[in-house]
J.: 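One structure coming up, written as structure tokens, with questions to follow.
Because only heavy atoms are used, hydrogens play no part in the values below, and waters and symmetry mates are left out as well, while side chains stay in.
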Amino acid sequence: MYDNWEDLEKSIINCNKCKLYQNRNNIVFGVGNKQAKIMFIGEGPGADEDKEGTPFVGKAGQLMNKALEGLGIKREELYIANVVKCRPLSNRVPEQDESEVCINYLRNQVMLVKPKIIVLLGSTALKNILGSKYSITACRGKWVEKKQIYYMPTWHPAALLRDENKKIQFWKDLKEVKRRLEEI
Ligand code: URA
């Protein structure tokens, strides 16, 4: 673990710890406020993110931005990162060996940001951060507190593009996040 951003960022530049490095255009490290009270964690970069090197800039990200805007949460208030930092081709779910090595970078980012709240976007984020016994359908919308961090599992924004009901639930979950954010 690195105790500063510079060393952590340097350590990842030429990462080839898993096969995802072979097809990447950019490592999508993470973006936002490094002292944020709240962190959002997704699955992994898609094509747009791989092209730009920034998380959640594609369709799913734009939808998430709209929800955040509607609730009055600014992207500058957040830190956003993913379980894996290189794009799995065809947007497949990252394989276990890929997420297992990459998540150490993410854990280091969490250690440096020290968020009070972490929003887990979808099943991959939930299972990799809290454990494989957690299921997104059972846990979404319910706080999990661990080591003084409040975790809110919710739908991945890409799932909202396919299902209107999930949009309503996502909005409700973020509203609850906003409520707690104002408390702390
Ligand atoms: N989906 C994710 O999980 N992360 C991104 O950065 C973009 C899409």
J.: Please work out which of the three classes, parallel, tilted or perpendicular, describes the rings of F29 and W5, given edges at 30° and 60°.
T.: perpendicular
J.: For E77, is there any backbone N or O sitting under 3.5 Å from a side-chain donor or acceptor partner on N33?
T.: no
J.: Taking all atoms of both residues into account, what is the closest heavy-atom pair of S99 and V83, and its distance?
T.: CB-CG1, 3.7 Å
J.: For the residue pair A125 and L120, what are the closest heavy atoms and their distance?
T.: O-CD2, 4.0 Å
J.: OG/S135 to CZ/R140 distance, rounded to the nearest 0.5 angstrom?
T.: 11.5 Å
J.: Is there a side-chain contact between C18 and V101, using heavy atoms and a 4.5 Å cut-off?
T.: yes
J.: Can you get from I13 to L106 by hopping between Ile, Leu, Val, Met, Phe, Trp and Tyr side chains that sit under 4.5 Å apart?
T.: no
J.: In this structure, would F40 and V144 fall into the same cluster of hydrophobic residues linked by side-chain contacts under 4.5 Å?
T.: yes
J.: Could you tell me whether a side-chain N or O of N4 sits under 3.5 Å from a main-chain N or O of D7, the two making a donor and an acceptor?
T.: yes
J.: Are there over 12 heavy-atom neighbours, none belonging to N14, within less than 6.0 Å of that residue's CG?
T.: no
J.: With no hydrogens and no angle check, is any side-chain donor or acceptor of D50 less than 3.5 Å from a backbone partner on R24?
T.: no
J.: If you take all heavy atoms of I27 and C86, which pair is closest and at what distance?
T.: CG1-SG, 4.1 Å
J.: How many angstroms lie between atom CG of N108 and atom OH of Y2, to the nearest 0.5 angstrom?
T.: 8.0 Å
J.: Answer yes if M1 and L112 sit in the same cluster of Ile, Leu, Val, Met, Phe, Trp and Tyr residues linked by side chain heavy atoms under 4.5 Å apart, and no otherwise.
T.: yes
J.: Ignoring hydrogens and geometry, is there a side-chain-to-backbone donor-acceptor pair from K142 to A138 under 3.5 Å?
T.: yes
J.: Can you tell me if NZ on K178 sees more than 12 non-hydrogen neighbours from other groups inside 6.0 Å?
T.: yes
J.: Report, as yes or no, whether the 6.0 Å neighbourhood of atom CD on E6 holds more than 12 heavy atoms from other residues, nucleotides or ligands.
T.: no
J.: Which donor-acceptor pairs under 3.5 Å do the side chains of residues 53-72 make with protein atoms, sequence neighbours left out?
T.:
unit_1: Q62; atom_1: NE2; unit_2: V57; atom_2: O; d: 3.2
unit_1: N65; atom_1: OD1; unit_2: R75; atom_2: NH1; d: 2.9

J.: Taking all non-hydrogen atoms of both residues, which atom of Y105 and which atom of C15 are closest, and how far apart?
T.: OH-SG, 3.2 Å
J.: Take V84 and E43 through the side-chain contact (heavy atoms from CB on, under 4.5 Å) test and state the conclusion after the steps.
T.: CA-CA 6 Å; V84 293; E43 177 175 296; 5.8 Å; no
J.: Please report the shortest heavy-atom distance between P88 and L20, naming the atom on each side.
T.: CA-CD2, 3.7 Å
J.: Can you check whether K133's main-chain N or O pairs, donor with acceptor, with K127's side chain at less than 3.5 Å?
T.: no
J.: Crowded around K74 NZ? As in, over 12 foreign heavy atoms under 6.0 Å?
T.: no
J.: State plainly whether one hydrophobic cluster holds both V110 and V119, where clusters connect Ile, Leu, Val, Met, Phe, Trp and Tyr through side-chain heavy atoms under 4.5 angstrom apart.
T.: yes
J.: Between CD1 of I168 and NZ of K172, what distance do you get to the nearest 0.5 Å?
T.: 10.5 Å
J.: Go through the steps for K116 and E183 under the test salt bridge (charged side-chain N to carboxylate O under 4.0 Å, His left out), then give the verdict.
T.: CA-CA 11 Å; K116 303 259 192 283; E183 256 179 30; over 6 Å; no
J.: So how far is it from M39 CE to K114 NZ, rounded to the nearest 0.5 Å?
T.: 12.0 Å
J.: Would you compute the distance between atom CD of Q22 and atom CG of L89 and round it to the nearest 0.5 angstrom?
T.: 9.5 Å
J.: Under 6.0 Å from the NZ atom of K19, do we count more than 12 heavy atoms belonging to anything else shown?
T.: yes
J.: Rounded to the nearest 0.5 Å, what separation is found between the CG atom of N128 and the CD atom of E100?
T.: 8.5 Å
J.: Is there a continuous path of hydrophobic side-chain contacts, each under 4.5 Å between heavy atoms, that joins F170 to L161?
T.: yes
J.: Does some side-chain heavy atom of K37 sit less than 4.5 Å from a side-chain heavy atom of P115?
T.: no
J.: With side-chain contact (heavy atoms from CB on, under 4.5 Å) as the test, would you mind laying out the steps for E176 and W143 before giving the verdict?
T.: CA-CA 9 Å; E176 170 58 19; W143 290 109; 2.6 Å; yes
J.: Please report, to 0.1 Å, the donor-acceptor pairs under 3.5 Å made by any side chain of residues 148-157, with sequence neighbours excluded.
T.:
unit_1: T154; atom_1: OG1; unit_2: D173; atom_2: OD2; d: 2.7
unit_1: W155; atom_1: NE1; unit_2: Q169; atom_2: OE1; d: 2.8
unit_1: H156; atom_1: ND1; unit_2: A158; atom_2: N; d: 2.9

J.: Taking all heavy atoms of I136 and all of S123, pick out the closest pair and write down the distance.
T.: CG2-CB, 4.0 Å
J.: Between N26 (side chain) and V28 (backbone), is there a donor-acceptor pair under 3.5 Å?
T.: no
